[in-house]
Amino acid sequence: MSDELEIRERDELQRGEGTRQGTYFRPSVDIFETDDALSVLADVPGTDPENFDVNLEDSKLTIQAPTRGLGENWKPVYEEYRNGHFFREFRLGKQIDRDGITASFNDGVLTIRLPKQEEAQPRTIEVEEG
Amino acid sequence: MTPFANPRDWFRNELRNFFRDFTGTSPGRGGRWPSTRSGRDLGVFPAVNIYDNGEGFRIRAELPGVDSDDLEINAKPDQIELRGERTIAPPEEDANWHRREREGGSFRRVVNLPKEIDPDGVSANLKFGVLDIFAPRSNDERPRQIEIE
């Protein structure tokens, strides 16, 4: 039987970290590393993939995903969570093969796969008899 | 800080909860409107927002990573039940975790509505990880299961 999920409080960012007007939140992420790649999965529900801004500069990965409001004729009656854009930055400790980066978006989850640059293979050196 | 937009609604809800407790009916976890909140307890998953445009209510919940196959919605004149499962796919073998903040698991939540709605007129949409339910106001009494678009 699965454990029951609980709500976690949203992590609000200080203003000025994103480029759009509005409140920003840090999305929950999973980051894991395998032999050949780093993978980042971020929960960014309510965002539109057309408006994503995913950027890798030096070894800093930035994810920006804006959301849209509901429209003025909808009055809030009860709000347990706040609407806002998503923003998060990461320092990657590995060299990334930039051309190999792929990203996909499914059901509000952004998945980014960052393949690591091939490191020099260890090589046995044969010593010839002189 | 209360999630209610109107303080009078908060008071009315407290009164409703009081009588519910007094009569011994158990609403179950998440059965109250809203979920009980105290200090660190943030309530039942998922967090919901309710909006009103005069013709009906709009209930929104964030369900990233949840497919409509993993979600069931049932509507009655005074409440809507959400139940389902959020599956977090396990990573590749031999993966080293750097961060693990996303959780999977089952959820069940009953959202009580401020006014009666018509279950036959309820529609639901799950897109980009957000569940969006429209429940028009009415006096209809029959419960009905809702299809998710």
Side-chain angles (χ1 to χ4, degrees), chain A residues 1-11 25-50 65 67-83 86 88 90-94 105-111 113, chain B residues 3-6 9 29 33-35 37 40-54 57-68 85-89 91-108 111 113-114 126-132:
Chain A
M1 181 151 156
S2 337
D3 292 327
E4 288 210 4
L5 283 173
E6 293 188 340
I7 301 178
R8 274 209 240 97
E9 198 146 7
R10 300 197 70 160
D11 209 352
F25 296 97
R26 283 165 98 231
S28 299
V29 300
D30 285 343
I31 303 180
F32 59 87
E33 178 176 353
T34 54
D35 280 342
D36 56 349
L38 282 175
S39 289
V40 177
L41 286 86
D43 282 344
V44 287
T47 59
D48 190 334
E50 286 181 24
T67 55
R68 263 200 270 162
L70 274 190
E72 290 198 349
N73 55 330
W74 288 107
K75 297 210 171 79
V77 169
Y78 177 67
E79 286 181 299
E80 284 179 347
Y81 69 92
R82 292 168 61 197
N83 291 301
F86 291 103
R88 196 146 174 190
F90 308 92
R91 282 247 164 253
L92 305 177
K94 294 283 186 293
F105 182 68
N106 283 303
D107 297 330
V109 180
L110 171 63
T111 302
R113 187 172 180 276
Chain B
F4 285 98
N6 183 344
D9 290 333
R29 189 159 177 242
W33 180 63
S35 299
R37 297 168 67 128
R40 298 186 174 276
D41 174 18
L42 292 177
V44 182
F45 181 91
V48 300
N49 288 353
I50 305 177
Y51 305 89
D52 185 356
N53 73 345
F57 298 105
R58 191 163 174 187
I59 297 126
R60 282 172 63 97
E62 294 184 327
L63 294 173
V66 175
D67 188 81
S68 57
E85 178 113 24
R86 184 184 183 209
T87 310
I88 304 286
E92 302 152 49
E93 292 194 16
D94 300 333
N96 273 336
W97 288 97
H98 290 264
R99 275 204 201 268
R100 195 163 187 178
E101 298 170 359
R102 303 163 65 237
E103 290 177 338
S106 65
F107 57 89
R108 178 185 173 265
V111 181
L113 298 165
L126 181 60
K127 188 180 174 196
F128 295 156
V130 174
L131 176 63
D132 206 339

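These numbers come from a predicted model, not from an experiment.
Proximity to chain A (any heavy atom under 4.5 Å) is restricted, for D94(B), to the backbone atoms N, CA, C and O. Of the atoms belonging to D48(A), heavy atoms from both backbone and side chain fall under 4.5 Å from chain B.
Ring pair F32(A)/W97(B) is perpendicular by interplanar angle, where above 60° counts as perpendicular and below 30° as parallel.
Scanning both residues, E79(A) and N49(B), for their nearest heavy atoms gives CA-OD1, 3.2 Å. Smallest separation of non-hydrogen atoms from G129(B) and P45(A): O-CB, 3.5 Å. A pairwise comparison of heavy atoms in P114(B) and V77(A) identifies CG-CG1, 4.2 Å as the closest pair. Annotation for Y51(B) and N83(A): closest pair OH-ND2, 3.1 Å, computed over non-hydrogen atoms.
Among G71(A), A42(A), P49(A), S39(A), the residue with the largest count of heavy-atom pairs under 4.5 Å with chain B is P49(A). Each of L38(A), T34(A), D43(A), N106(A) has some count of heavy-atom pairs under 4.5 Å with chain B, and the biggest count is that of D43(A). Most heavy-atom pairs under 4.5 Å with chain B, from the set L70(A), D35(A), V44(A): that is L70(A). In terms of non-hydrogen atom pairs under 4.5 Å with chain A, the most contact-rich of L63(B), I88(B), V66(B) is V66(B).
Here the NE2-CZ distance, from H98(B) to F90(A), works out to 12.0 Å after rounding to the nearest 0.5 Å. Between atom CG of residue D30(A) and atom CD of residue E103(B) there is a gap of 9.5 Å, rounded to the nearest 0.5 Å.
The pair E101(B)-R26(A) fails the salt-bridge criterion, with no side-chain N (NZ, NE, NH1 or NH2) lying under 4.0 Å from an Asp/Glu carboxylate O.
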